[in-house]
Amino acid sequence: MRISARIALSLSLLGACGGTSSGLRPIAHVASSPAAVRAWADVRRSWDRGEEGRPARVVPLLEDFIVHHPNDGLVPLAWASLAALEEERGDHVAAAKALAKIADLPDGTTHDLRDIVAAKRLRLQGDAEGALRLLRPLEGKVVDSYALGLFLEEEARAAVAAQRSTEALAALDAWLTGEGGEDHEAVRDTVVRLLATLPNEALEEAYRDFRSKNGDRRSPFGAELRRAIANQLAAIALARGDAELARRLLEGDEATDDDSLRGLAGQAKSLAHVEGRTVGVLLPTGTLASRERAAAALGGLAFALEATGYDGSNAQEEPEKKEFSALRAPFRLVSREYDPSKGEAASLETLLDGLAADGVAVVVGGFDGGTAATLARWGRERGIPTVLFTPPEGAPITSDSLNFLVGTPVAAELAALVEALSAHGGARDGSVPAVYIGDATGAARNAELAAVEALLVAAPVDCYLPPGPAGTPTFPVATAERQSVRTWFVAGMPACLATLGDDLVRYTRFRAEATRPLVATTLSAGVRSVPLLGKNPLYRILTVAAGRMPIAADAPELKSDPELARFVKIAAAPPSYWAALGRDAGMLLRPALLPLPTNDTKEPSEVATRWKTVATGLGRAQTPLWTTDATGFSDHRLPRALRVISR
């Protein structure tokens, strides 16, 4: 949209406000007579007929207005509008004469308009730098909505014309964000065209920057400009056949996905290589529970590998970070984030191909069954070993595969709890009604519910229910008490167990020992973060245990065991089950990765050899573990004997 079109909206501007650095008093630019009002209405109607032919149509009306109403308050605005139109049709001399008529304006809206039009004149004459010098003092000063719109447009156009990429992107974002009216679509189209005139390198740098911030509050651009930049880069990738750029774009959700871009990104598979002892990590972001699991497991993995990780997508921006990682540790972590709730296997495979292009020797992930299945299949097809935290749905682990399973199905833990309940009230004959609290979704949730369905008397409850009104419990503990339901299964994260414990203490009454509420928890829920649960007289607790887990907050080994003591010093807490699972995965990876050379190779046969070396090493690795009494894999699974303990 051209600047003169924006002035069309300001032709009825009523006044000016602001300071008076020149010492002149601000004046209001308003029509001073009925005849002037009617003449100005004619001008406005002519503007509103559209941009096509506007200068030839409106200039005579403005000139006539100035001639017949020379002392009217709208004359300065008429001169500013006339200057804009003359510039629009290329008559720089006429525009200069119009601007000269309002050279001594006091501060205010029309004064700002004059400077904006003058800047436009400089830009159209090829002096974009001069235009920016005239516009920069107006930054933050223009408050009138119409004048601000004019300013944002001209600042963006001048910065683009000057090829000041950083300033141009900021100005384009401000213009796009600031125009929220009926002209927004036209502004967006113009912004897209202007982006195409900026250097490709500047757009790629901007994309890396806001992708590294993952769209959080620190991101310098709004969502619309981010999408526009990504789509422009998609066009660039397709034009030059840049498979790696296409892959990076499909890792995010800004670029418009299409078959051409995805097909090009698929060629990035040929970019696979192995860079030293690099571990790729696929991290879920869809729910709070999945993010908590991922953060804990990643912390445990990094602890075991003693690795300083960095995101491979930022390697070009942070070479010193990459170098620091390589120098301080023999292992390197690179990661990609994925929202499993979207369920887009093709997008997930694009992310995984990105990890392969980052030089991984192994990929760790699979925090839910669906993602684990895709990761396992991808690894087998590419020849890359994978370590899975959750059993893959519909894809059993075989002894001749490249997939290694370190986790245990939560349904198996719940089944162990149901069996143990037989010693606490006759669970086998269904006489212990219970409520289930969990955070799984999809097939995993169905499997968990099937394991305890014989005892359930109410609909399953989500771990992350929003808190109720003040003075009320989060979970339906009072209702359960009235209905003599005293057993609770907790299959979520530790925060879920803590909330239930608080509700039971606050909102239920003390009963006889035999009828106290009983809380049955999985390894994931754990009791280590709620040390008072086992000592509270209001309820009993059963928890699944395996290996050294769960480790209570007051466990003596936290001080006597050097490794545990070091973990507590770093994490300021005992290891949760997921942190311990990550640690165990890392400890098994260490001997599998250490035989690899530290250099980078892209030679296909050597890449395949290194991947096979890691897979063989994982199958043979033996080391003391925290989450199981076993010391290594058996048929590519980590054996784990479950037991149930009372606290």
Side-chain angles (χ1 to χ4, degrees), residues 407-440 447-458 460-461 463 475-477 480-481 484-505 508 510-555 574 576-578 580 626-629 640-647:
T408 299
V410 175
E413 299 179 37
L414 290 169
L417 287 170
V418 171
E419 184 176 352
L421 279 171
S422 61
H424 295 268
R428 290 185 184 276
D429 60 9
S431 62
V432 181
V435 178
Y436 164 93
I437 304 175
D439 56 29
E448 292 176 16
L449 290 173
V452 296
E453 62 181 350
L455 304 181
L456 299 185
V457 296
V461 180
C463 260
F475 298 124
V477 294
E481 185 181 40
S484 298
V485 177
R486 295 183 293 274
T487 300
W488 298 81
F489 288 102
V490 180
M493 294 296 284
C496 182
L497 177 60
T499 301
L500 175 63
D502 186 64
D503 282 353
L504 289 172
V505 170
T508 61
F510 176 77
R511 291 177 177 270
E513 174 72 20
T515 58
R516 283 187 301 161
L518 187 147
V519 180
T521 76
T522 61
L523 282 163
S524 181
V527 297
R528 61 95 187 169
S529 62
V530 195
L532 296 180
L533 282 178
K535 303 175 183 178
N536 199 298
L538 294 184
Y539 53 88
R540 299 164 292 164
I541 187 164
L542 293 179
T543 183
V544 175
R548 305 179 70 172
M549 305 305 295
I551 300 176
D554 55 357
S576 67
Y577 170 66
W578 280 95
W626 286 354
T627 65
T628 177
D629 294 325
R640 186 169 288 106
L642 301 178
R643 59 189 189 277
V644 177
I645 59 177
S646 176
R647 292 209 174 193

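In what follows, residues are counted from 1 in the order of the sequence shown. Everything numeric here is computed off the predicted structure, so don't read it as measured data.
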Kindly determine whether L414 and Y436 satisfy side-chain contact (heavy atoms from CB on, under 4.5 Å), including the steps that lead there.
CA-CA 10 Å; L414 290 169; Y436 164 93; 4.2 Å; yes
Test log, rule side-chain contact (heavy atoms from CB on, under 4.5 Å), inputs F489 and L421
CA-CA 11 Å; F489 288 102; L421 279 171; 3.5 Å; yes
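Closest approach of A552 to P574, counting heavy atoms only: O-CG, 4.2 Å. Heavy atoms only, all atoms of each residue included: A411 and A451 are closest at O-CB, 3.6 Å. The two residues S524 and P494 make their nearest non-hydrogen contact at O-CD, 3.4 Å. Minimum interatomic distance between A580 and M549 (heavy atoms only, all atoms of both residues): CB-SD, 3.7 Å. The heavy-atom pair separating P460 from L449 by the smallest distance is CB-CD2, 3.8 Å. Heavy-atom minimum distance, L523 versus V544: CD2-O, 3.5 Å.
A distance of 10.5 Å separates CG of D502 from CZ of F475, quoted to the nearest 0.5 Å. A distance of 12.5 Å separates OG1 in T628 from CZ in R548, rounded to the nearest 0.5 Å. Rounded to the nearest 0.5 angstrom, T521 OG1 and E413 CD are separated by 9.0 Å. Taken from CG in L542 to CH2 in W488, the straight-line distance is 15.5 Å, to the nearest 0.5 Å.
Among the candidates L642, T543, V490, V410, the single residue satisfying the side chain to side chain contact (heavy atoms under 4.5 Å, CB included) test with T522 is V410.
C463 pairs by the side chain to side chain contact (heavy atoms under 4.5 Å, CB included) definition with I437, D439, C496, not counting sequence neighbours. Every residue two or more places apart in sequence or in another chain was checked for a salt bridge (Lys or Arg N to Asp or Glu O under 4.0 Å) with R640, and none qualifies.
Put simply, the side chain of R486 never gets that close to the backbone of V519: no donor and acceptor are under 3.5 Å apart.
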